[in-house]
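Structure first, commentary second.
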Amino acid sequence: MRSCCSDHGVGILRRAQANIVSKSNRRQLTHATISHPRLSKFFLPSGGVAPASSERESTTDLLIRAGFIRKSSAGIYSLLPLGIFVQRKLAALIHRNMYMAGASEISLPSLLSPNAWIATGRWANTELYKLKDSSDSEFCLAPTHEEEITSLVSREVNSFRQLPLRLYQIGRKYRDERRPRGGMLRGREFLMMDLYSFDTTTEAALATYEEIKLAYRSIFDTLGIKYAVSEADSGSIGGDLSHEFHYITPVGEDTLITCDSCDYTANVEVAMSYPPEDYVVDPSNVAVKYGLTTDNTLLVIYYPPDRVVNDILIKRELPNYDPSVGNPVIEFTRNGDPMVQRIIRIFDERVSEKSSLPDLPVSVNIGNITTLRFPCVEVALQSHPNETCPRCMDGTLGASRAVEVGHTFYLSTKYSSILKAQYTAEDGTKKSVEMGCYGIGVSRIISAVAEITRDHKGLSWPVAICPFEVVLVTKPRTERIDDLAIKLYQDLRKAGCEAVIDDRDDKSFGWKLSDSKFLGFPVSVVIGNKYLTDGRVDVECRRTGHSTSCSPEQVADIVASILQTEKTIMRNTSP
């Protein structure tokens, strides 16, 4: 029997390679010439450096023109090689921090059965993509995985000794966005990291929540883009505690309310505010809204008529408030004895209890009336500026647009109690697992970072997720220049720098220099006629535009120094 390593086994490959070399005017291919990343070998349909019009093109169009992505249909995009490099680096950063946080990686299916979704009441969600198989069984494409992961843990965990548990994945999600917009900022198919935590007690779950928030901070600090952490509404996910991680950018869909004196930051959906010091109460002008709790307590809410009551703030103070009740007063009178029923009067901070208040709509025992006072109207700084921070009570609130790139939720037992994810405690009793869930929008971050760091020259990636840290731009294509490019690549690799050689012969030298900036590589090393005449090359930092002329022996040290500085820069997000 012939060896699999015999000449006969590899002869075809050898002869094919020999034929290729013999038909080329270039020198023979060697291991050195084929083992280095070269842009001539990549699928890189870069559209050049000239924008399509005089108007500022969208970042999505910029990414398309730079050859990072392509649009498939509304809200759905393909990633090309350079886009994949960015995505993989971002995923690697997330993996590293999740491992350090004690999380184990899993992979959950994208095609989900409706059973658990029906149990949690979320099957009616209008964003679900639903489909049926050949047996007429119904499924949905996963928009998120709370139900699936809780069902999995309910089958596998039965003792306190198996907890705590932290499980995460990076996978595709699908949501039927009615108006997909912003390219990958809000798409119908997207890549997301979602982590789920399982603990025995509320205290342990809250400690986990803080640990994961620290892991998030580590991820976003490494990316080097300034971000904000805001209080947030849990929305359809549910839970009792929620924070959002945002990039401040004019293209964002969210509005953040921030204080100029302390670190108070909140999504406008949950933001609170106090009136400015010079605010004057009009005692004769008060509006009233009614609400009902699940235990049939009537809420009578007094607020200024030029403001809007924020139901989320009411629910924060009174968790059993049910804003879905259509006619609270009728329901209140229908469901109980007026002598034992309760009323809670809520005064917004802008309304005085001495105001001319409308009469209560029903009669109850006066001892069953409770009065509360807290800010309960929506923050509207455009029409009501100079409002005061609810935390420090000194600072003035401001608003800015932002894009959400991460979200953390403390779920308590919202899902575990319904889906029977229980464990046996040390005392032998059965208890529901305490849960948290955490998401990072991977594809959304790519688009948001591109938007924030771009400039008039094109993209400008931070070092943490750039496709390559260094591009070696060569021209003309001579053996001497090619040899130097390979040597510099090897020197840079030894110094821990990721480089690629731009040896595209079909592009002019000037075009390639502009394209290196357009594609956003942090550092460019230019190997051209200057090297042929005086033996020197140019090293340029993309972000600052600073260029240094040096000998080839100095390149690795200079590049490493630039990259180290770039890694420590926290970029401003101001437009």
Side-chain angles (χ1 to χ4, degrees), residues 97 182 185-186 206 209-235 237-276 307-308 310-317 348-349 374-410 436-441 444-445 448-449 451-453 570-575:
N97 281 275
L185 288 179
R186 182 167 291 279
L206 292 177
Y209 186 89
E210 294 303 319
E211 285 184 46
I212 302 303
K213 277 180 64 181
L214 285 176
Y216 270 40
R217 286 188 177 275
S218 175
I219 292 169
F220 289 107
D221 286 344
T222 302
L223 286 172
I225 310 298
K226 287 186 178 180
Y227 61 94
V229 183
S230 67
E231 298 175 9
D233 177 39
S234 296
I237 299 292
D240 303 321
L241 180 65
S242 176
H243 287 85
E244 293 171 340
F245 286 71
H246 282 95
Y247 285 145
I248 309 299
T249 168
V251 303
E253 293 183 325
D254 292 335
T255 299
L256 294 189
I257 304 300
T258 56
C259 174
D260 63 5
S261 294
C262 73
D263 62 354
Y264 177 74
T265 304
N267 192 304
V268 70
E269 295 175 347
V270 299
M272 298 173 61
S273 65
Y274 282 83
R307 304 298 286 265
V308 177
N310 188 337
D311 287 334
I312 295 174
L313 298 181
I314 303 294
K315 195 167 180 63
R316 275 191 169 185
E317 293 291 329
D348 178 70
E349 288 292 340
F374 58 87
C376 63
V377 296
E378 294 179 358
V379 175
L381 297 183
Q382 286 188 338
S383 55
H384 297 83
N386 303 318
E387 297 212 304
T388 304
C389 174
R391 180 172 296 169
C392 69
M393 302 302 294
D394 292 323
T396 300
L397 297 179
S400 55
R401 302 294 292 175
V403 56
E404 177 195 338
V405 289
H407 209 143
T408 59
F409 303 86
Y410 164 56
C437 73
Y438 313 84
I440 289 180
R444 180 177 287 192
I445 286 177
V449 169
E451 166 67 33
I452 290 165
T453 59
M570 184 67 78
R571 300 200 195 192
N572 200 329
T573 62
S574 299

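Just so we're clear, the structure is a prediction, and the values are computed from it rather than from any experiment. When reading the values below, keep in mind they use all heavy atoms of this one structure, side chains included, and skip hydrogens, waters and symmetry mates.
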**OP:** Work out which heavy atom in I257 is nearest to a heavy atom in L381; give both atom names and the distance.
**Re:** CD1-CD1, 4.0 Å

Subject >> A448 versus Y247, closest heavy-atom pair with distance >> reply: CB-CD1, 3.8 Å

Original post:
Is R307 reaching over with its side chain to a backbone N or O of E378, donor-acceptor style, under 3.5 angstrom?
Top reply: yes

Subject >> Minimum-distance pair of heavy atoms, taken over all atoms of A232 and N267 >> reply: CA-CB, 4.5 Å

Original post:
Does the R401 side chain pair with the main chain of E253, one donor and one acceptor, at a distance under 3.5 Å?
Top reply: yes

Subject >> Heavy-atom check, side chain of I452 versus side chain of R571, under 4.5 Å >> reply: no

Subject >> Beyond-backbone contact of F220 with V405, side-chain heavy atoms, under 4.5 angstrom >> reply: yes

Original post:
With respect to T408, which candidate in Y438, Y209, Y216 satisfies the side chain to side chain donor-acceptor pair (under 3.5 Å) definition?
Top reply: Y209

Subject >> Shortest non-hydrogen contact from I445 toward L223 >> reply: CG2-CD1, 4.1 Å

**OP:** Indicate yes or no: at least one non-hydrogen side-chain atom of R444 is less than 4.5 angstrom from one of V403.
**Re:** yes

**OP:** Check whether any side-chain heavy atom of P276 lies under 4.5 Å from a side-chain heavy atom of E387, and answer yes or no.
**Re:** yes

**OP:** State, yes or no, whether a side-chain contact exists between N310 and M272 at a heavy-atom distance under 4.5 Å.
**Re:** no

Original post:
What residues form a side chain to side chain donor-acceptor pair (under 3.5 Å) with N97, not counting sequence neighbours?
Top reply: S218

Original post:
Got S230 and H246 here, is their nearest side-chain heavy-atom distance under 4.5 Å?
Top reply: yes

Original post:
Can you name the closest pair of heavy atoms from Y264 and C389 and give their distance?
Top reply: CB-SG, 3.7 Å

**OP:** Locate the shortest heavy-atom distance separating A402 from I248; write the atom from each residue and the value.
**Re:** CB-CD1, 4.0 Å

